[in-house]
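Working notes, structure below.
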Amino acid sequence: MEIIQIVGVALLATILILVLKEQMPLFAFLLAVFTGIVIFFFLLDKISSVINVLEGLALKSGVNPVFLKTILKIIGVAYIAEFGAQIVRDAGQEAIASKIELSAKILIMVMAIPIITVIIETVINLLPV
């Protein structure tokens with residue numbers, strides 16, 4: 001079970017970080033970042049499996065691949081922004097973390113415009129004239 005490995009790595013890193021935080025805060029912070037990256041790599045195989053399944057479903061259903069790619073990019077931006085904001089918060093920079101989150105929301109809105117446009121056009125075409 002992967003979750004046991006992930007929690008084990010996280011607990012070990014947490015204990016090391018708590019021990020190192022007093023003497024070497026920079027090293028403790030770098031260990032926290034490294035731990036986050038290691039956990040991400042644990043999940044990389046699962047993420048690629050999910051993407052493959054979604055691509056297969058999109059092909060079977062006849063959904064335009066551009067829409068799926070856009071949605072996957074939006075999800076990627078959300079996850080990367082969350083990860084970055086959490087790291088910056090761990091460093092004690094709440095204001096910068098908030099700016100990362102705001103930037104991600106704006107980028108997501110910009111990337112979603114083509115999908116929103118298609119939805120609105122579809123609704124307009126369904127309405128009687």
Side-chain angles (χ1 to χ4, degrees):
M1 293 189 50
E2 291 92 6
I3 192 65
I4 293 173
Q5 292 174 326
I6 291 169
V7 171
V9 167
L11 288 174
L12 179 63
T14 301
I15 292 168
L16 288 172
I17 289 166
L18 289 173
V19 170
L20 292 173
K21 200 172 206 173
E22 296 289 322
Q23 302 299 322
M24 297 183 286
L26 179 61
F27 188 70
F29 173 72
L30 292 174
L31 181 59
V33 172
F34 177 74
T35 302
I37 293 169
V38 167
I39 290 171
F40 175 75
F41 280 120
F42 268 117
L43 300 173
L44 204 54
D45 187 43
K46 303 295 181 193
I47 293 169
S48 91
S49 297
V50 169
I51 290 171
N52 289 335
V53 168
L54 290 175
E55 286 175 343
L57 289 172
L59 285 174
K60 287 180 184 176
S61 66
V63 172
N64 190 338
V66 172
F67 296 136
L68 178 65
K69 287 182 182 179
T70 302
I71 291 171
L72 291 175
K73 286 179 186 178
I74 289 170
I75 293 169
V77 166
Y79 281 133
I80 291 168
E82 178 68 21
F83 182 72
Q86 287 177 5
I87 289 173
V88 172
R89 273 194 190 91
D90 287 345
Q93 299 298 317
E94 181 66 35
I96 296 174
S98 296
K99 302 309 181 278
I100 291 172
E101 291 169 343
L102 176 64
S103 299
K105 290 173 187 175
I106 291 170
L107 289 172
I108 287 170
M109 190 173 21
V110 168
M111 287 190 295
I113 287 174
I115 295 172
I116 294 169
T117 303
V118 169
I119 292 171
I120 291 173
E121 288 173 353
T122 303
V123 169
I124 289 172
N125 290 333
L126 292 174
L127 294 174
V129 180

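Because only heavy atoms are used, hydrogens play no part in the values below, and waters and symmetry mates are left out as well, while side chains stay in. In this chain, residues are counted from 1 in sequence order.
Closest approach of Ile100 to Ala81, counting heavy atoms only: CG2-O, 3.5 Å. Heavy-atom minimum distance, Phe29 versus Ile87: CE1-O, 3.5 Å. Nearest approach of Thr35 to Ala10, heavy atoms of both residues: CG2-CA, 4.4 Å.
Under a hydrophobic clustering in which Ile, Leu, Val, Met, Phe, Trp and Tyr are joined whenever their side-chain heavy atoms come within less than 4.5 Å, directly or via other members, Phe83 and Ile47 fall into the same cluster. Hydrophobic cluster membership is shared by Phe40 and Val33, with clusters built from Ile, Leu, Val, Met, Phe, Trp and Tyr side chains linked at under 4.5 angstrom. Ile116 and Val110 fall into different hydrophobic clusters, where Ile, Leu, Val, Met, Phe, Trp and Tyr residues are linked whenever their side-chain heavy atoms come under 4.5 Å apart, directly or through other members. Side-chain heavy atoms closer than 4.5 Å link hydrophobic residues (I, L, V, M, F, W, Y) into clusters, and following such links, possibly through other members, connects Val38 to Leu43. There is no path of hydrophobic side-chain contacts, each under 4.5 Å, that joins Val118 to Ile74.
Taking CG from Leu54 and CG from Leu68, the interatomic distance works out to 6.0 Å, rounded to the nearest 0.5 Å. Leu12 contributes atom CG, which lies 9.5 Å from atom CD1 of Ile17 (distance to the nearest 0.5 angstrom). A distance of 9.5 Å separates NZ in Lys69 from CG in Leu72, rounded to the nearest 0.5 Å. Taken from NZ in Lys105 to CG in Leu107, the straight-line distance is 12.5 Å, to the nearest 0.5 Å. With rounding to the nearest 0.5 angstrom, the CZ atom of Arg89 is 7.0 Å from the CD atom of Glu82. A distance of 11.5 Å separates OG1 of Thr70 from CD1 of Ile113, quoted to the nearest 0.5 Å.
Counted within 6.0 Å of CZ on Phe34, heavy atoms from surrounding residues, nucleotides or ligands total 12 or fewer; the atom is thus considered open. For Phe27, the CZ atom sits in a loose shell: 12 or fewer heavy atoms of surrounding residues, nucleotides or ligands are nearer than 6.0 Å.
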